[in-house]
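Below, chains carry the letters A, B, ... as their sequence lines are ordered, and counting in each starts from 1.
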Number of protein chains: 4
Amino acid sequence: MAGVNKVILVGNLGKDPEVRHLESGSVVANVTLATTEAYKDRNGNRVENTEWHDLEMWDGQAKVAEQYLRKGSQIFVEGKIKSDTWQDEQGNNRKKMRIRVLSFTMLGSRTGAENGGAPQGNPNTMNQGSPAPQTSASMPSSGVDMDNVEDDLPF
Amino acid sequence: MAGVNKVILVGNLGKDPEVRHLESGSVVANVTLATTEAYKDRNGNRVENTEWHDLEMWDGQAKVAEQYLRKGSQIFVEGKIKSDTWQDEQGNNRKKMRIRVLSFTMLGSRTGAENGGAPQGNPNTMNQGSPAPQTSASMPSSGVDMDNVEDDLPF
Amino acid sequence: MAGVNKVILVGNLGKDPEVRHLESGSVVANVTLATTEAYKDRNGNRVENTEWHDLEMWDGQAKVAEQYLRKGSQIFVEGKIKSDTWQDEQGNNRKKMRIRVLSFTMLGSRTGAENGGAPQGNPNTMNQGSPAPQTSASMPSSGVDMDNVEDDLPF
Amino acid sequence: MAGVNKVILVGNLGKDPEVRHLESGSVVANVTLATTEAYKDRNGNRVENTEWHDLEMWDGQAKVAEQYLRKGSQIFVEGKIKSDTWQDEQGNNRKKMRIRVLSFTMLGSRTGAENGGAPQGNPNTMNQGSPAPQTSASMPSSGVDMDNVEDDLPF
DNA sequence: TTTT
DNA sequence: TTTT
């Protein structure tokens, strides 16, 4: 059969990770990631298009996510598409796709310390009324060894 | 903002492409692709897990798909995740994810000849004296240039 | 027939891009990019391993590189492997591999302002009311559309 | 630092794998892989361009390669760029790039058994005088569990 | 629903 | 030669 199912994303978190510590001891983090592409429409105007992705991280990854990722964090993600299927109350077949994260890497870092902590523009005035993530001052600079976080569940 | 949204798949078609020729002149092909991964469970038994992907191809790609792809065809796909959102009859927000194909490549040889599919052309007249690799006799499309099919809608 | 040759890199520039404006009117930028991976050796010590990549960008890309990329800039790159072969003075066959960049994306915020690099423009006028994510204030290029820079030479 | 160094290839082997069993017990397979792209030049003629890649596989992978891969085999490869540097006899710095394979998948299979073993074209008359790989009858159909072969050396 |  |  020989299949390949690979997803590569670079984007920003829409909100802080939602982390659940399961009774089994496993940890799951759910993360929403925006990838935006810009192009010119036929009138030459710049148009932006944002796609929101639902990411699922487990265990070691989830813990790193909990500790270091915040709304606005920019990450590189490698994962695979994974769908859940079920029947809703009306008996209709439903399907939800998620990205099961296999590894991620935090991008950007060095978030402003070297310029004396001066705010970089005023995020409150940017993206007004927007559902989009914003890079804020909360990027970890760590020192911790979590650059590239991998995980290996069997499926 | 700087986003990346990339999907790479290798798998087999679940059925023949469904192709619609729109009044606008555009052509769309919808394709279902299975990617299967195998792993051993904790008892050492081989387990297979299949993920089904809904692919969307446009125009030139769609025509190539219509002509050459068949149920069972193995392809390499590069694309991006693209979701449609809408409200269903109950007023619930619904979301459907698709893979918008940016390019695909037919894999293996003999792509459907045995089920009455694509004509084979005469491979003996292809690539004569060429330094390039060839799959044996049965590459579909012969003189046609569709090995690697690309498309560039703005979004 | 039917080949895929794809490279995906995230790393930092080792030095400012070297840009040549050719008589033909073409522009080439040569860039060195470091990708570093960290792992623990058998004694549990963190070890870093850096790979240096020679990137080649053309025309529109090269101009953007010249204007915005600096030593230390972090970028996401998609490209392909491309080798030159020749004979050296001793008549030995030689081969040099490069990454031909097909598109790149600047990562993080603040891409070099602190070392006198690219002008910042006025981010407050960017993407107003846009649904797209933004890095904070310092995205280079402001109104310029270079987030994701593509190029399409035939080979 | 956060680096990504990823290579994705689909192509055909230029010759049978060269396998060495080291005294340490490790096994290495060296494989050459051709990726060919076709495009039209400015006169509308189809041109093919082949890039040759030197792949390196270790241990479990190498054994699978030894057993199942042959000249002409079509594979999907995921790996990373890895260069060796040294000084040659003249004291010049030399560098050789390889692809360290992280996983590979055999493509195509079902290589002709179902059409009664009839030869698919005459490979001897194709690619005359060419250095290129050819798909021949030697593709394994196995039944063995080697579809997707992974390996995890620390670097 | 594919493929092995 | 980068970055952390």
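Side-chain proximity of C:Thr36 to F:dT3, E:dT1, E:dT3: nearest is F:dT3. For B:Ala34, taking side-chain heavy atoms from C-beta onward, the closest of the listed nucleotides F:dT1, E:dT2, F:dT3 is E:dT2. With F:dT1, E:dT1, F:dT2 as the choices, the nucleotide that has an atom nearest any side-chain atom of C:Lys15 turns out to be F:dT1. Here the side chain of C:Thr32 is nearest to one of E:dT3, F:dT1, F:dT3, namely F:dT1.
Atom CG in C:Leu69 sits roughly 13 Å away from atom C1' in F:dT2 (whole-Å rounding). Rounded to an integer number of Å, the gap from B:Asn49 CG to E:dT1 P is 17 Å. When rounded to the nearest whole Å, the span between NE2 of C:His53 and P of F:dT1 equals 17 Å. Rounded to whole Å, the distance from CD on C:Glu51 to P on F:dT1 is 16 Å. F:dT2 atom C1' lies 8 Å from atom NZ of C:Lys71, rounded to whole Å. Per the geometry, CG belonging to D:Asn5 stands 19 Å off P belonging to F:dT2, to the nearest Å. Between the CG atom of B:Asp16 and the P atom of E:dT3 there is a distance of 11 Å, rounded to whole Å. Rounded to an integer number of Å, the gap from A:Met106 CE to F:dT4 C1' is 12 Å.
Considering only heavy atoms from C-beta on, D:Lys6 comes within 4.5 Å of A:Glu78 through its side chain. A 4.5 Å side-chain heavy-atom check between C:Arg46 and C:Glu48 finds at least one atom pair inside the cut-off.
Take C:Arg42 and apply the side-chain contact (heavy atoms from CB on, under 4.5 Å) test, not counting sequence neighbours, and it matches no residue. Among residues two or more places apart in sequence or in another chain, the side-chain contact (heavy atoms from CB on, under 4.5 Å) test is passed with C:Ala29 by C:Val19, C:Met57, C:Ala62, C:Ala65.
Ring-base stacking between C:Trp52 and F:dT2 is not satisfied when judged by a centre separation under 5.5 Å and a plane angle under 30°.
Within 4.0 Å (heavy atoms only), B:Thr35 reaches no atom of the nucleic acid at all.
A salt bridge is absent between C:Glu18 and C:Arg20; no separation between the charged side-chain nitrogens and carboxylate oxygens falls under 4.0 Å.
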